[in-house]
2 protein chains.
Amino acid sequence: MDRASVLASLLRRLDTVSKLDPADIAAIRSLPIAVRHWEGARAIVSDGERPSECCLIIEGFCIRSKTTEAGQRQILSIHIPGEIPDLQSLHLRRMDHDLATLVPSTLGFISHASLLDLTHVRPNVADALWRDTLIDSAIFREWIVNVGQRPAPARLVHIALELRERLLAIRGGTAPATFEFPLTQEQIGEALGITPVHANRIIRQLREDGIVDVSRGQVHVLDETRLAELAQFDDRYLHQDPAV
Amino acid sequence: MDRASVLASLLRRLDTVSKLDPADIAAIRSLPIAVRHWEGARAIVSDGERPSECCLIIEGFCIRSKTTEAGQRQILSIHIPGEIPDLQSLHLRRMDHDLATLVPSTLGFISHASLLDLTHVRPNVADALWRDTLIDSAIFREWIVNVGQRPAPARLVHIALELRERLLAIRGGTAPATFEFPLTQEQIGEALGITPVHANRIIRQLREDGIVDVSRGQVHVLDETRLAELAQFDDRYLHQDPAV
DNA sequence: GCCGGTTCCAAACAAAGGTTAAGGATAGGA
DNA sequence: TCCTATCCTTAACCTTTGTTTGGAACCGGC
């Protein structure tokens with residue numbers, strides 16, 4: 001995925017509901033972006049830092065996480081191309097969590113200065129970016145429900161289906177039976193609030209039950225019907241549809 | 001707490017970092033607000049609805065929650081006077097969760113139209129409100145960590161200390177040993193992702209251990225030192241200090 | 001082709017939390 | 001005053017998840 005098509009997917013997302021006019025789109029397109037490559041499993045910005053730029057994912061996967069004083073890490077969200085996972089740093093100067101790559105990635109950095117400038121000159125763009133951070137927030141809410149209320153197997157498949165849905169939104173097409181899910185079992189545990197040993201247990205169980213196979217960084221859906229029944233996934237909280 | 005002082009506490013919060021000028025403040029003060037009284041434990045806006053106004057809490061306590069298909073409720077956040085718990089509805093048309101009062105409350109309703117208008121005319125105000133929703137988001141992140149990583153007793157005291165800290169920010173003074181915490185044990189369970197029976201168990205244990213007494217809608221701190229040790233509460237994620 | 005690290009897998013046992021069930025306290029209304 | 005509803009409390013038992021541990025498989029670098 002190159003820079004042009006990533007900007008396209010960013011623009012597509014921003015354009016839902018908020019009606020950007022051609023000048024808004026041109027202004028976003030002409031934002032200065034510094035493209036850099038990043039190794040896998042490397043920090044982009046860390047808890048406590050004060051970044052001066054935001055990071056657009058052009059290619060790859062990133063995660064946000066927080067580590068407790070006791071040293072336990074909780075993964076907060078998974079991010080895909082076309083997203084700006086640290087947009088909040090535009091108005092929250094000091095990072096309260098970590099952002100890191102999951103796999104080797106191509107990132108585009110946009111300075112806070114140019115983004116702030118743009119939002120002040122073009123209220124439509126400000127609304128669209130604001131809305132994007134609000135969807136981020138809606139995903140956090142569902143993540144709380146997931147970790148707080150669902151049993152571990154349902155937690156795993158819910159997160160997997162959310163990721164598939166979001167990949168679909170930027171790539172188009174129909175829901176694939178196999179898709180990328182580049183987390184180790186340890187990271188899956190950190191996302192679900194369980195130990196890696198237990199993550200292994202439920203992954204094995206889901207495979208044996210013929211529902212889904214999570215392995216080697218991929219998800220293979222084995223039984224779409226039972227998967228849907230288990231996950232109880234309803235995509236309304238992603239606010240993808242501009243009509244509603 | 002009357003309307004003027006609530007607007008004052010709202011303004012104080014919005015004014016951190018974002019530098020509102022006198023005209024911005026005057027514009028916020030002259031927003032049309034419809035004040036209404038609400039019973040306790042009543043819905044304000046519900047999942048799926050499309051509200052046309054936002055709700056400023058003038059007096060009382062509110063909570064946001066989501067209910068799964070299986071009928072389990074997860075409380076997502078607790079809100080206090082001076083906050084606008086459904087500000088996100090300004091750009092996310094359809095509610096993806098419920099907002100309800102916890103106790104009898106006085107609410108001030110502000111139309112989306114007048115708020116949108118204000119943000120378009122005054123970029124400073126837009127930034128301040130945007131920032132407010134980003135802090136909301138930061139609190140969700142910490143809530144995920146709480147539910148995902150901490151054992152149940154630490155979860156409870158962490159939430160209690162967060163609430164005390166936020167009450168302090170609007171009321172001023174020093175941290176009180178006793179403060180309001182108007183949740184039943186069932187609601188505490190819904191907030192922490194545990195059953196009411198287990199909530200009762202840990203509350204009793206914390207009381208027996210002489211750490212904290214949670215009862216009759218109040219928190220009484222018995223041992224500030226051991227409480228802090230258990231909660232591992234660090235208020236940085238609340239982004240209250242304009243200097244950092 | 002070997003080596004050291006990571007990841008995955010698995011079993012036995014321990015602890016935390018869920019379930020069910022039932023009695024007791026409290027407060028407002030008839 | 002009694003009645004009723006809600007909340008709190010407790011106990012016994014069961015299920016899920018954590019802990020500890022060890023081994024197998026895989027992979028990149030030498």
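In the text below, chain A, chain B and the rest are named by the order of the sequence lines, each starting its count at 1.
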Q. Can you tell me if Asp234(B) uses its side chain to pair, donor with acceptor, with the backbone of Arg236(B) under 3.5 Å?
A.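 Side chain of Asp234(B) to backbone of Arg236(B), a donor-acceptor pair under 3.5 Å: yes, one is there.
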Q) Side chain of Thr68(B), backbone of Ala70(B): donor and acceptor closer than 3.5 Å? A) yes
For the pair made of [atom1] in [X] and [atom2] in [N], what is the distance, rounded to whole Å?
X	N	atom1	atom2	answer
Gln205(A)	dT16(D)	CD	C1'	13 Å
Leu183(A)	dT6(C)	CG	P	18 Å
Glu186(B)	dC8(D)	CD	C1'	11 Å
Gln72(A)	dT19(D)	CD	C1'	13 Å

**Q.** Residue Thr184(B), side-chain atoms from C-beta onward, closest of dC8(C), dT10(D), dC7(D)
**A.** dC7(D)
Q) Does the pair Glu69(B)/Arg150(A) count as a salt bridge with the N-to-O cut at 4.0 Å? A) yes
**Q.** Of Gln187(B) and Arg204(B), the one whose closest DNA chain D nucleotide lies more 5'
**A.** Gln187(B)
Q.
Can you tell me if Asn200(A) touches the phosphate of dC8(C), counting only side-chain N or O atoms and a distance under 4.0 Å to OP1 or OP2?
A. no
Q: Among Arg166(A), Arg164(A), Arg171(A), Arg216(A), find the one that has a salt bridge (charged side-chain N to carboxylate O under 4.0 Å, His left out) with Glu180(A).
A: Arg171(A)
Q: With side chain to side chain donor-acceptor pair (under 3.5 Å) as the test, would you mind laying out the steps for Arg201(B) and His198(B) before giving the verdict?
A: CA-CA 5 Å; Arg201(B) 260 196 291 249; His198(B) 194 53; 3.0 Å; yes
Q | is_close_aromatic(Phe61(B), Trp38(B)), centroid dist under 6.0 Å | A |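 When the ring centroids of Phe61(B) and Trp38(B) are compared, they turn out to be at least 6.0 Å apart.
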Q: Under 4.0 Å from any atom of DNA chain C, heavy atoms only: list the residues of residues 209-221 of chain B that qualify, in numerical order.
A: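 Residues of residues 209-221 of chain B that come under 4.0 Å of DNA chain C do not exist, since none gets that close.
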Q: Using the side chain to side chain donor-acceptor pair (under 3.5 Å) rule, take Asn146(B) and Glu142(B) through it: C-alpha gap first, then chi angles, then the decisive distance, then the call.
A: CA-CA 6 Å; Asn146(B) 205 40; Glu142(B) 187 64 35; over 6 Å; no
Q: Would you mind building the protein contact string for nucleotides 14-20 of chain C? One character per nucleotide, 5' to 3', B for base within reach (heavy atoms under 4.0 Å), S for sugar-phosphate only, - for untouched.
A: ---BBBB
Q: Please determine if Arg141(B) forms a cation-pi arrangement with Tyr237(B), meaning its NZ or CZ atom is less than 6.0 Å from the six-membered ring centre and no more than 45° off the ring axis.
A: no
